[in-house]
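The structure appears below as structure tokens.
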Amino acid sequence: MRKVNGTIFALACAAALTMAGTTVMAADAEVTTLKTVCDLTPHSEILTAAADLLEKEGIKIDIVSTTWDATWNEMLVDGEVDFAYFMHVPAMESIEEEMGVTLYSMGAIHVEPYACFSDKYEAADAIPDNAKIAIPNDASNEYRALKVMEDAGWIKLADDITSLNASTQKIAEYVKPLEIIEIDQANIIPMSADFDAYFVNVNRALEADIDTTKYLLRESEDSDYGNIITVTEANKDNEAIKKMVEVLKSDEIKQYITDNYNGAVIPAK
């Protein structure tokens with residue numbers, strides 16, 4: 001394994017104990033309950049879609065929370081949950097640096113190509129000079145937004161920019177005059193009317209009923225930012241988690257993702 005970085009699914013088995021990673025005997029079969037925190041869309045939906053397949057493997061998923069807050073990182077590190085399903089590798093590495101911990105990716109399940117939307121304009125070439133563009137102020141997502149704008153020819157970035165140090169200070173040149181505003185991602189959609197365009201994670205756009213086919217700019221489908229199953233040292237060899245990842249990367253779940261998100265979410269390669 002390469003180090004890179006609530007709803008309870010009702011499966012047809014006897015009630016499992018609620019301790020993280022608990023294994024119980026039920027109906028002549030061993031059932032392992034895995035506790036997690038994950039985003040509502042599409043993460044919890046993907047786990048729900050996999051419930052029957054996981055049941056056949058003797059695995060039950062207990063989703064502790066689908067509403068993100070900073071305690072999620074602590075819950076993972078402290079062992080209150082067995083795995084987390086909401087981050088990509090650069091985000092994991094940022095958490096490692098911030099908290100002084102070592103985390104592990106058990107595999108990428110899906111990709112949400114990062115996108116720029118607008119409530120005022122229907123095409124990127126309609127964005128006027130000096131437009132106000134909102135981007136998230138966390139380094140890993142800010143990096144993605146800045147790279148998309150660079151690929152669009154709007155800006156040029158400094159050579160030393162990374163997903164850990166990204167900020168508007170790393171813009172070497174504004175090819176197109178813009179006012180780029182860094183704010184907390186949670187506030188971007190509620191304040192979208194204040195901007196000419198804005199960058200958000202696709203899962204947040206889906207939850208806000210934004211038409212994700214009407215983006216102005218977007219990462220390619222070859223994006224390296226796959227959403228991963230993240231664990232600590234305590235669970236990097238957990239056989240139930242390994243089996244769960246196999247199920248989540250199965251052809252059945254890939255097809256579910258392809259059929260249900262209209263290209264806004266795609267299976268990880």
Side-chain angles (χ1 to χ4, degrees), residues 39-43 45 67-68 86-88 90-91 110-158 161-163 165-227 257-268:
D39 285 322
L40 179 64
T41 301
H43 307 67
E45 297 163 354
T67 303
W68 187 90
F86 67 90
M87 65 183 85
H88 46 62
H110 75 271
V111 176
E112 302 166 20
Y114 212 68
C116 176
F117 300 95
S118 175
D119 296 342
K120 301 176 182 179
Y121 302 97
E122 295 185 357
D125 59 9
I127 296 294
D129 287 352
N130 301 308
K132 293 183 177 180
I133 312 293
I135 63 174
N137 61 6
D138 60 287
S140 62
N141 284 318
E142 183 160 358
Y143 177 78
R144 297 175 76 182
L146 292 172
K147 290 295 287 184
V148 171
M149 285 190 281
E150 182 178 53
D151 290 344
W154 288 4
I155 60 175
K156 291 183 180 179
L157 297 172
I161 190 171
T162 71
S163 61
N165 68 12
S167 77
T168 55
Q169 299 303 310
K170 294 296 183 179
I171 299 175
E173 179 185 350
Y174 285 85
V175 180
K176 179 181 180 66
L178 295 170
E179 182 181 351
I180 299 176
I181 302 165
E182 302 162 302
I183 64 173
D184 189 301
Q185 182 161 221
N187 295 324
I188 291 178
I189 292 177
M191 296 175 61
S192 62
D194 296 338
F195 309 113
D196 294 294
Y198 53 93
F199 283 83
V200 291
N201 282 320
V202 169
N203 67 298
R204 292 180 182 268
L206 289 168
E207 290 171 9
D209 291 325
I210 293 171
D211 185 346
T212 53
T213 66
K214 295 182 177 179
Y215 55 85
L216 304 185
L217 304 172
R218 196 175 83 155
E219 286 175 334
S220 74
E221 293 188 0
D222 293 330
S223 170
D224 294 328
Y225 291 85
N227 280 236
I257 294 170
T258 299
D259 291 345
N260 284 275
Y261 297 104
N262 202 21
V265 180
I266 57 179

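Note that the coordinates shown come from a computational prediction; the quantities given were computed from them, not determined experimentally.
Between Leu206 and Val265, the closest side-chain pair of non-hydrogen atoms falls below 4.5 Å. Annotation: side chain of Asn203 is not in contact with side chain of Leu40 (no heavy-atom distance under 4.5 Å).
Residues satisfying the side chain to side chain donor-acceptor pair (under 3.5 Å) test with His43, not counting sequence neighbours, are Asn227. With sequence neighbours excluded, no residue forms a salt bridge (Lys or Arg N to Asp or Glu O under 4.0 Å) with Arg204. For Glu219, the salt bridge (Lys or Arg N to Asp or Glu O under 4.0 Å) test picks out Arg144, with sequence neighbours left out. The side chain to side chain contact (heavy atoms under 4.5 Å, CB included) test applied to Asn262 returns Thr213, not counting sequence neighbours.
Residue Pro42 comes nearest to Glu112 through the heavy atom pair CD-OE2, 3.3 Å, listed as atom of the first residue, atom of the second, then distance. Here the closest non-hydrogen pair linking Thr212 and Ala264 is OG1-CB, 3.2 Å. In terms of heavy-atom proximity, Asp138 sits nearest to Gln185 at OD1-NE2, 4.4 Å. Across all their heavy atoms, Gly263 and Arg218 have their closest contact at O-NH1, 3.1 Å.
Taking OG1 from Thr168 and CD from Glu142, the interatomic distance works out to 6.0 Å, rounded to the nearest 0.5 Å. Rounding to the nearest 0.5 angstrom, the gap separating the CE atom in Met191 from the CG atom in Asp184 is 10.5 Å. Going from atom OG of Ser118 over to atom CZ of Phe195 covers 11.5 Å, rounded to the nearest 0.5 Å.
Of the possible donor and acceptor atoms, none in the side chain of Glu182 sits under 3.5 Å from a partner among the backbone N and O of Ser167. Between the side chain of Asn165 and the backbone N or O of Thr162 there is at least one donor-acceptor pair closer than 3.5 Å. A distance-only check finds no donor-acceptor pair linking the side chain of Ser163 to the backbone of Pro90 [under 3.5 Å]. A donor-acceptor contact shorter than 3.5 Å is absent between the side chain of Asp39 and the backbone of Thr41.
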Requested in this report: Could you go through the side-chain contact (heavy atoms from CB on, under 4.5 Å) check for Ile183 and Ile188 one step at a time?
Outcome: CA-CA 7 Å; Ile183 64 173; Ile188 291 178; 3.5 Å; yes
**Report entry** Test log, rule side-chain contact (heavy atoms from CB on, under 4.5 Å), inputs Phe199 and Asn141
**Finding:** CA-CA 9 Å; Phe199 283 83; Asn141 284 318; over 6 Å; no
**Report entry** Residue pair Val202, Tyr114: steps toward the side-chain contact (heavy atoms from CB on, under 4.5 Å) verdict
**Finding:** CA-CA 6 Å; Val202 169; Tyr114 212 68; over 6 Å; no
**Report entry** CA sep, side-chain torsions, deciding dist, call: Ile180, Tyr174, side-chain contact (heavy atoms from CB on, under 4.5 Å)
**Finding:** CA-CA 10 Å; Ile180 299 176; Tyr174 285 85; 3.8 Å; yes
Below 3.5 Å, can you tabulate the donor-acceptor pairs from side chains in residues 121-137 to any protein atom, sequence neighbours excluded?
from   : atom 1 : to     : atom 2 : distance (Å)
Asp129 : OD1    : Lys176 : NZ     : 3.3

Side-chain donor-acceptor contacts of residues 145-156 below 3.5 Å, not counting sequence neighbours, with atom names and distances?
from   : atom 1 : to     : atom 2 : distance (Å)
Lys147 : NZ     : Glu150 : OE1    : 3.2
Glu150 : OE2    : Leu157 : N      : 2.9

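Within 6.0 Å of the OH atom in Tyr261, the count of heavy atoms belonging to other residues, nucleotides or ligands exceeds 12.
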